[in-house]
Amino acid sequence: MSVQTSDIVGDFAGRLLDWYDQSARVLPWRIAPNSGGDPDPYRVWLAEVMLQQTTVAAVAGYFARFTERWPTVADLAAAGDADVMAAWAGLGYYARARNLLACARVVMRDHGGRFPDSEAGLRALPGIGDYTAASVAAIAFGRAAVVIDANVERVIARHRLIETPLPMAKREIRAALALLVPGDRPGDFAQALMDLGATVCTPRGPACAICPLMADCRARGRADIERLPVKPPKKAKPHRHGLAHWIEQDGQLWLVRRPDKGMLGGMRALPGGEWGEVPSESGIVSVDHGFTHFDLTLTLVRRAAPHEGPDAAAEGLWWPIADLDAAGLPTLYRKLTDKMLERDA
DNA sequence: CAGCCGTGGTT
DNA sequence: TAACCAAGGCT
């Protein structure tokens with residue numbers, strides 16, 4: 001009776017953390033809420049980088065393999081570039097893998113093998129932007145950082161009925177959230193908000209009836225709640241065509257390493273020409289593949305030897321076709337070689 | 001700021 | 001099914 005209703009409704013973090021204690025997802029990189037254990041900064045950082053623009057389901061297997069093979073940041077820093085890139089193959093956004101290695105090596109060289117425990121210190125490392133610096137600071141080091149990802153943007157935009165389109169709305173969202181971050185359990189608070197966005201306050205069909213923030217959510221019950229957060233219209237994707245060269249010799253296939261910058265940078269690939277607007281020739285098999293900003297039809301053609309084409313200058317190697325799975329080809333080429341080998345079979 | 005950078009799941 | 005979207009960072 002002594003507690004005002006406004007105080008109860010206003011306890012945003014309390015309601016959210018109570019919900020989290022009941023409903024937290026069980027994830028390989030997450031220790032149980034209130035378990036008292038200290039999360040390993042290396043594992044937190046690795047998971048957060050893998051989770052950038054990538055779903056939990058896609059990350060799980062990669063996280064298990066990476067932590068098994070490279071249990072500490074020292075192990076990862078000592079790994080070979082090609083091994084790490086191959087282990088990342090299929091996860092996408094390959095600049096993350098290059099930055100991951102660079103970051104591990106900076107942590108070893110400049111920080112004595114320990115991750116900086118402040119948001120600013122983390123933010124200065126390669127591959128760590130605003131989100132990842134805040135999330136690692138909060139989850140691994142208990143810092144009351146303002147952690148904002150796409151889930152948080154959606155939850156806050158709805159809770160506060162922010163109709164400003166992204167990315168302009170980021171200022172309002174940050175200002176609103178900064179007032180809500182608790183000094184106690186900031187890491188659980190951040191993860192709770194993300195869990196809520198992923199499982200309750202979903203892009204479509206949010207489960208408002210079971211939401212712990214329902215009482216004071218300004219968008220609750222609105223027919224147009226799915227409109228929030230407002231996003232800019234997307235641009236149309238062009239369609240491109242390209243060739244890939246199948247150069248086989250004694251059961252081995254000629255692979256190249258793509259340049260660090262640009263599409264699939266640093267990854268092993270089949271050699272081939274530039275991707276253009278029109279198909280150049282027909283081939284043995286072809287695959288359609290969607291990238292973020294264009295769609296590609298890639299056609300496989302036989303070539304006799306690497307030195308006969310424009311591939312002579314490319315750094316390459318012969319790879320046993322029987323062991324092609326271990327080559328670390330990105331999905332685009334994996335689809336193509338799978339189709340080729342299936343056709344021959 | 002806006003464009004670039006992968007992939008797979010969901011609706 | 002085509003569109004949308006995801007624990008973003010870099011230039």
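Predicted model only: the values in this text are computed from it and were never measured. FYI, side chains are in, hydrogens and waters are out, and symmetry mates aren't considered; it's all heavy atoms of this structure. Every chain is numbered from 1 and lettered A, B, ... according to where its sequence line falls, protein lines coming before strand lines.
Screening Thr299(A), Ile284(A), Val287(A) for a side chain to side chain contact (heavy atoms under 4.5 Å, CB included) involving Leu336(A) leaves a single residue, Val287(A). Among Arg98(A), Arg257(A), Arg105(A), the single residue meeting the salt bridge (charged side-chain N to carboxylate O under 4.0 Å, His left out) criterion with Asp81(A) is Arg105(A).
The distance between atom CG of Leu166(A) and atom P of dC1(B), rounded to the nearest whole Å, is 10 Å. Rounded to a whole Å, the CD atom of Glu48(A) is 11 Å from the P atom of dA7(C). To the nearest angstrom, P of dA7(C) lies 11 Å from CG of Leu27(A). Per the geometry, CZ belonging to Arg171(A) stands 8 Å off P belonging to dC1(B), to the nearest Å. Here the P atom of nucleotide dG6(B) and the CG atom of Leu329(A) are 14 Å apart, to the nearest Å. Look at NZ on Lys261(A): it is 16 Å from P on dC4(B), rounded to the nearest Å. When the P atom of dC4(C) is taken as reference, atom CZ of Arg227(A) falls 16 Å away, rounded to whole Å. Distance, Lys235(A) NZ to dC4(C) P: 15 Å, rounded to whole Å.
Remark: the Thr54(A) side chain and the dG6(B) base include a donor-acceptor N/O pair separated by less than 3.5 Å. Evaluation of atom-type donor-acceptor distances gives a pair under 3.5 Å for the side chain of Arg25(A) against the base of dA7(C). No hydrogens or angles were tested; on distance alone, nothing pairs the side chain of Thr55(A) with the base of dG8(B) as donor and acceptor under 3.5 Å.
Close placement of the His289(A) and Phe291(A) rings is indicated, their centers lying within 6.0 Å of each other. If you look at Phe115(A) and Trp45(A), their ring centroids are closer than 6.0 Å.
No side-chain heavy atom of Met267(A) sits under 4.5 Å from any side-chain heavy atom of Val256(A). Contact check for Trp319(A) versus Arg268(A): side-chain heavy atoms found under the 4.5 Å cut-off. Arg30(A) has its side chain within reach of Asp195(A): a pair of non-hydrogen atoms, C-beta onward, lies under 4.5 Å apart.
Comparing dA7(C), dC10(C), dG8(C) against the side chain of Asn151(A) picks out dA7(C) as the nearest. Closest to the side chain of Pro330(A), from the set dT7(B), dG9(C), dG6(B), is dT7(B). Between dA7(C), dC4(C), dT7(B), one nucleotide has an atom nearer to the side chain of Met194(A) than all others, and that is dA7(C). Of the listed nucleotides (dG8(C), dC5(C), dC1(B)), dC1(B) has the atom at the smallest distance from the side chain of Pro167(A). Of the listed nucleotides (dC1(B), dA7(C), dG9(C)), dA7(C) has the atom at the smallest distance from the side chain of Arg154(A). The side chain of Asp149(A) sits closest to dA7(C) out of dA7(C), dG6(B), dC10(C).
Ala150(A) comes within 4.0 angstrom of sugar-phosphate atoms only, judged by non-hydrogen atoms across all strands, and of no base. Among the heavy atoms of the strands, none lies under 4.0 Å from Gly205(A). Among the atoms of the strands shown, none is found under 4.0 Å from any heavy atom of Trp45(A). Residue-level contact check: Gly262(A) touches the backbone only, with heavy atoms under 4.0 Å from sugar-phosphate atoms and none from bases.
Look at Lys231(A) and you won't find any side-chain N or O under 4.0 angstrom from OP1 or OP2 of dA3(C). Residue Lys234(A) has no polar side-chain atom (N or O) positioned under 4.0 Å from OP1 or OP2 of dA3(C). Contact between the side-chain N/O atoms of Arg334(A) and the OP1/OP2 oxygens of dT7(B) is not found at any separation under 4.0 Å. Under 4.0 angstrom from either OP1 or OP2 of dG6(B) there lies no side-chain N or O belonging to Thr331(A). Checking the phosphate oxygens (OP1, OP2) of dC5(B), a side-chain nitrogen or oxygen of His293(A) falls inside 4.0 Å. Side-chain N/O atoms of Gln52(A) include none lying less than 4.0 angstrom from OP1 or OP2 on dG8(C). Regarding contacts with the backbone of dG6(B), every side-chain N or O of His289(A) stays at 4.0 angstrom or more from both OP1 and OP2.
For the P atoms, the distance linking dT11(B) with dA7(C) amounts to 13 Å, nearest Å. Rounded to whole Å, the C1' atom of dA6(C) lies 12 Å from the corresponding atom of dG6(B). Using atom C1' as the reference point in both dC1(B) and dG8(C), the two lie 16 Å apart (nearest Å).
Using a distance-only test at 3.5 Å, with no hydrogens or angles considered, a donor-acceptor pair links the side chain of Asn99(A) to the main chain of Ala95(A).
With DNA chain C read from its 5' end, the first of the two nearest nucleotides for Ala47(A) and Gly127(A) is the one closest to Ala47(A). In terms of position on DNA chain B, the residue among Ala57(A) and Leu91(A) whose nearest nucleotide sits closer to the 5' end is Leu91(A). Map Met168(A) and Tyr94(A) each onto its nearest nucleotide of DNA chain B; the residue landing nearer the 5' end is Met168(A).
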